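Everything below concerns the one structure shown next.
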Amino acid sequence: MAAAQRIVIENCSIATVDADDTEYASGYLVIAGNRIEAIGAGKAPEGLENVVRRIDATGHLVTPGLINTHHHFYQWITRGLATDHNLFNWLVALYPTWARIDEPMVYAAAQGSLAMMARGGVTTAMDHHYVYPQGSGDLSGAVIRAARETGVRFTLARGSMDRSEKDGGLPPDFAVETLEGALSATEATVKEHHDASFDAMTQVAVAPCSPFSVSTELLKQGAELARRLGVRLHTHGSETVEEEKFCHELFGMGPTDYFESTGWLGEDVWMAHCVHMNDSDIAAFGRTKTGVAHCPSSNARLAAGIARVPDMLKAGVPVGLGVDGTASNESGELHTELRNALLINRLGAHREAALNARQALRLGTYGGAQVLGRAAETGSLEAGKLADLVLWKLDTLAHASIADPVTALVFGAAAPITASFVNGRQIVEDGRLLTVDEDAIARSTRDEAQRLARIARQG
């Protein structure tokens, strides 16, 4: 790294979220190129060469960038609808509209979703896109293009559905793919866009949507495809009591046993929600190291329930945080999920012992990296890891009287962001994105939302 350009950040509190939860009350961090070169207490080492910038971060907490493990970007243009529905009724209400999306809509919605997350501290995002209406254009390419322009690290979970209304599923018939079409398109997306390198900015996972919108064969062959291509697997699991009833009626077993029968438990798998899991389910996830994307705000919005996160962590289940689609979490921000995960889990059986501030921060950073299979590269601040990090300003009215910076970040109001770096490149400055025009995105998302609403009314 001798020839790399260096950025030195000093005089800040640091929460590394490493294996020992190392923290520095006043420390430094050196970025060299796209990597963290050094981190420690006190001042940065003297004599560093090629320093192009020094940041006096007095009054700030530096943490790893936040990592979002579950989202549906296209829903940005259907926010604020079906606000008093449970999951199944919500899906029934919105699928006819979602089935009308096209490439310009998906691109604008991805821009909006990514911009909102990135300006709130997300450095690694993912999108589970599973609605591919016939003739709608290159939807996967549109999402990947928006992520590249925003500057975040990104995983596209290339979703699919082949169980429509005529087969007893929820999506309209023209909004699903055939089994062969879904598998072929997914393989093509992986081969075109997946980057397996250490500092990859774009990766792809295989992601059939859910037990009630895909066939058993699509799950089985999707798992085989992912393992043949060496990529991860993602789906929804155990989100509601209705899903559990559905699986028992159709397959004669609960969701976890059904997933295991189709090859969908393993350290290369992560599932969204996992709200309704018994002790045996959690033990199976812990034994196989199957990951969970915990989405507390969405679970509350849809009255799905409280996931047993403390029990999952105790069992060794990798757990990260997810925004989920913004039609069930209109704020679209992940940093608020740190607080919501802590508070909502304290309403469960473990009460005040459920989660603490540092556990919540770990869920949103290192836990997310584990779930996405990138814990060797990101998720904690350590020498040699990728320079994905955030400077949270904690010396203003909102936080200045809270002595502990991690407590201030998690328990307090959403903290202002002075700077966010991805791959060593700054993408946020003083709460505004440097890579894209937020105001232009706001206009385009409004226009595409109105266009979709018109088309849905006519349809």
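Because only heavy atoms are used, hydrogens play no part in the values below, and waters and symmetry mates are left out as well, while side chains stay in. None of these values were measured; they are calculated from a predicted model.
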Roughly how far, to the nearest 0.5 Å, is the CG atom of D18 from the CZ atom of R362?
-> 7.5 Å
After noting the C-alpha distance and the side-chain angles of L183 and E180, does the key distance pass the side-chain contact (heavy atoms from CB on, under 4.5 Å) rule?
-> CA-CA 5 Å; L183 292 169; E180 296 76 14; over 6 Å; no
Non-hydrogen side-chain atoms of W270 and V292 separated by less than 4.5 Å = no
Quick one: does H248's side chain have a donor or acceptor within less than 3.5 Å of a partner on L250's backbone?
-> no
Give me the ring orientation class for F259 and W264: parallel if the planes are under 30° apart, tilted from 30 to 60°, perpendicular past 60°.
-> tilted
Hey, are D195 and S197 close enough side-chain-wise for a donor-acceptor pair under 3.5 Å?
-> yes
Go through the steps to decide whether N423 and R153 satisfy the test side chain to side chain donor-acceptor pair (under 3.5 Å), and finish with yes or no.
-> CA-CA 8 Å; N423 216 40; R153 209 173 297 283; 3.0 Å; yes
Side chain to side chain contact (heavy atoms under 4.5 Å, CB included), paired with L233, selected from T290, V269, L265 | V269
Over all atoms of both residues, closest heavy-atom pair of C274 and F285 = SG-CE2, 3.8 Å
CA sep, side-chain torsions, deciding dist, call: S136, M105, side-chain contact (heavy atoms from CB on, under 4.5 Å) = CA-CA 10 Å; S136 55; M105 292 176 191; over 6 Å; no
Report yes or no: does H71 contribute a side-chain atom to a donor-acceptor pair with the main-chain N or O of D127 at less than 3.5 Å?
-> no
Can you tell me if T16 and Y24 form a side-chain donor-acceptor pair at under 3.5 Å?
-> no
Hey, what's the ring geometry for Y74 with H72, parallel, tilted or perpendicular (30° and 60° as the breaks)?
-> tilted
Between the side chain of H399 and the main-chain N/O of A413, is any donor-acceptor distance below 3.5 Å?
-> yes
Backbone N/O of S26 and side chain of S13: donor-acceptor pair under 3.5 Å | no
Could you tell me whether the side chain of K289 and the main chain of G316 form a donor-acceptor pair under 3.5 Å?
-> yes
Using the ring of each side chain (for Trp, its six-membered ring), is H236 parallel, tilted or perpendicular to H70, with breaks at 30° and 60°?
-> perpendicular
Donor-acceptor under 3.5 Å (R358 side chain, A15 main chain) = no
Do E23 and V406 come within less than 4.5 Å of each other through their side chains, counting heavy atoms only?
-> yes
Under 3.5 Å, is there a donor-acceptor pair between the Y107 and Q111 side chains?
-> yes
The reported gap from CG in L391 to OG1 in T63 (rounded to nearest 0.5 angstrom) is 8.5 Å
Any donor-acceptor N or O pair under 3.5 Å, side chains H60, T418 | yes
Go through the side-chain N and O atoms of H276 and D281 and say whether any donor and acceptor fall under 3.5 Å apart.
-> no
Test log, rule salt bridge (Lys or Arg N to Asp or Glu O under 4.0 Å), inputs E260 and R287 | CA-CA 12 Å; E260 188 159 30; R287 182 184 72 250; 3.1 Å; yes
Of W90, Y130, F73, which meets ring-ring contact (aromatic ring centres under 6.0 Å, His included) against W98?
-> W90
Can you check whether M253 reaches C247 side chain to side chain, under 4.5 Å on heavy atoms?
-> no
Least distance between heavy atoms, A125 atom then V152 atom | CB-CG2, 4.3 Å
Below 4.5 Å, heavy atoms only, C-beta onward: do L156 and H193 meet side chain to side chain?
-> no
Is there a salt bridge (Lys or Arg N to Asp or Glu O under 4.0 Å) between E187 and K191 once you walk through the steps?
-> CA-CA 6 Å; E187 181 168 2; K191 289 182 175 178; 2.9 Å; yes
Nearest 0.5 Å, what's the OG-CD distance between S140 and E103?
-> 10.0 Å
Pairwise side-chain contact, D311 with H350, heavy-atom cut-off 4.5 Å (strictly under) | yes
Could you tell me the separation between the CD1 atom of I31 and the CG atom of L386, rounded to the nearest 0.5 Å?
-> 11.0 Å
Specify the closest pair of heavy atoms between G181 and E177, including all atoms of both residues, with the distance to one decimal.
-> O-OE2, 4.1 Å
With distance as the sole criterion, is a donor-acceptor pair present between the side chains of E337 and S297 under 3.5 Å?
-> yes
Minimum heavy-atom distance V390-G65, with the two atoms named = CG2-CA, 3.7 Å
Verify side-chain contact (heavy atoms from CB on, under 4.5 Å) between R227 and D268, making sure each step is shown before the conclusion.
-> CA-CA 9 Å; R227 287 168 180 141; D268 56 352; 2.9 Å; yes
